[in-house]
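Notes to accompany the following structure.
Keep in mind that what you see is a predicted model, and the values were worked out from it rather than measured.
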Amino acid sequence: MILRIRSRDGTDRITVPDPASATVADLQHLIELHLTVPVPLQRLSLDPALLLPSPSAAVPLLADPAATLASLRLANGAFVYLAYPPDARSARPPPPKALSAAGSFGKKMTMDDLIARQIRVTRQENALCAAASFDRDAANAFQLYVAESLAFAVKRAGFLYGRVDAETKEVFVDFIYEPPQQGAEDVVHLMRDPDEEARVDAIAEGLGMRRVGLVFTQAVGRKASETGEYTMSNREVVQAAQLQAEGGIPEWISAIVKLEVGDDGTGDVHFEAFQMSEICVKLFKDGVLETEVGDTDDPRLSKMRKEVVAGGKDTMEVDNDFFLVPVKISDHQGPLSVGFPIENRGSPVGMSALRSHLDRTKHLTFVKRISDFHLLLKVATFLDVKADVPPLAACVKTQSRVPEGYQLLIESLASQG
């Protein structure tokens with residue numbers, strides 16, 4: 001039986017010779033043999049929450065070494081989650097010794113000098129974002145479209161907008177903007193429209209929000225890796241690092257939406273949130289992270305343009321999991337509704353949609369009727385992006401009376417539908 005051992009350093013496969021009688025203790029010794037993590041430093045669980053930066057004490061551990069793997073109902077290919085102290089698998093550098101350059105040129109350098117010049121890729125233990133909470137309706141509208149209209153056959157992406165709590169460092173995602181894009185199984189090309197993004201940012205400004213992250217889906221037919229399972233592909237690492245570098249806030253998050261199919265054939269949609277590690281973003285900014293990904297490259301590994309040290313060894317390729325810092329995820333009911341058709345989903349959103357929306361919500365106050373980001377984005381195309389859009393969005397934020405001029409304009413636009 002093959003078990004997939006997932007840790008903060010990546011995913012490894014371990015073959016259990018006799019699964020019928022093997023125990024937790026046997027698995028621990030196999031891990032020590034193949035992954036070089038001493039048994040006393042291992043913490044094992046079947047719950048992925050074990051790998052969060054600050055896992056709850058309620059996470060159940062495989063604490064009984066005599067328990068058989070069969071009693072845990074572990075099937076071939078099952079995941080077991082492994083936590084251990086930082087650098088438990090790292091090789092120690094040799095003691096310093098003097099090196100001399102060939103010939104009469106150059107100065108003497110110690111091993112310490114050489115090590116200081118190397119780029120070290122280490123795991124980042126704690127995220128700069130304490131937690132991420134998603135508006136239920138916004139998250140559901142995104143995943144429902146991907147599940148029902150795209151069937152998770154191609155990738156889809158969106159920018160996350162919301163608030164950052166300055167004290168707790170928690171991110172609250174209140175709406176998702178889906179830019180023009182072209183998705184395939186392994187890559188999504190964002191065909192960004194600067195004018196449309198300016199309108200989105202103006203709406204966010206009026207709502208007291210800002211861009212806080214990226215969300216993307218993973219297609220069920222995405223490219224497999226011959227070296228093991230992976231959470232994020234090399235293409236996704238490059239895209240996430242690029243946008244986090246552009247994002248301009250330390251709490252920026254990257255969320256993954258994927259379909260996990262069980263043994264019985266039923267599928268469950270899962271949201272996961274991460275931050276790209278600070279070293280990952282630095283490698284991108286410094287031009288060390290290779291941004292050109294070939295079709296034959298292993299999706300589990302990110303290529304470097306110069307040699308780095310990862311896991312205690314020199315390498316030109318780094319396991320993508322080294323760059324991922326898990327973020328706790330939850331949900332909330334945000335201040336906006338999600339009832340208006342969402343932009344850039346193939347069919348243009350016409351004025352008939354605005355008329356239908358206003359007719360359907362006649363029983364509400366006018367400000368409540370327009371408290372929908374996607375509606376505001378449609379209306380914003382007819383307003384001055386600096387003078388009009390933020391004040392209109394501010395009315396939505398405070399739920400105050402909408403000035404008569406804006407209301408007349410919106411109703412006039414709806415009458416054209």
Practice problem: Would you kindly check if the NZ (Lys) or CZ (Arg) of R345 is within the cone defined by 45 degrees around the ring axis of Y145 and under 6.0 Å from the six-membered ring centre? | Solution: yes

Quiz prompt | E292 atom CD: more than 12 heavy-atom contacts under 6.0 Å | solution = no

Quiz item: Does one side chain, of E196 or N344, offer a donor that lies under 3.5 Å from an acceptor on the other?
Solution: yes

Quiz item: Under the ring pair (Phe, Tyr, Trp, His ring centres under 6.0 Å) test, which residues partner F271, sequence neighbours left out?
Solution: F134

Quiz item: T23 and D26: side-chain donor and acceptor closer than 3.5 Å?
Solution: yes

Self-check item: Partners meeting salt bridge (charged side-chain N to carboxylate O under 4.0 Å, His left out) with R192 (sequence neighbours left out)
Solution: E197, E246

Quiz item: Does a side chain donor of either Y161 or D201 reach within less than 3.5 Å of an acceptor in the other side chain?
Solution: yes

Self-check item: Those residues that, when tested against H189, pass side chain to side chain contact (heavy atoms under 4.5 Å, CB included) (two or more places apart)
Solution: V187

Quiz item: Of all residues at least two apart in sequence or in a different chain, which pass the side chain to side chain contact (heavy atoms under 4.5 Å, CB included) check with K386?
Solution: D384

Practice problem: Please list, chain by chain and in numerical order, all residues satisfying ring pair (Phe, Tyr, Trp, His ring centres under 6.0 Å) with F274, sequence neighbours excluded. | Solution: none

Practice problem: Check whether the side chains of R163 and S133 place a donor and an acceptor atom closer than 3.5 Å, and report yes or no. | Solution: no

Practice problem: Sequence neighbours left out, what passes ring pair (Phe, Tyr, Trp, His ring centres under 6.0 Å) with Y177? Give chain and number order. | Solution: none

Exercise. Could you verify whether a donor N or O on one side chain and an acceptor N or O on the other, from T365 and Q399, lie under 3.5 Å apart?
Key: no

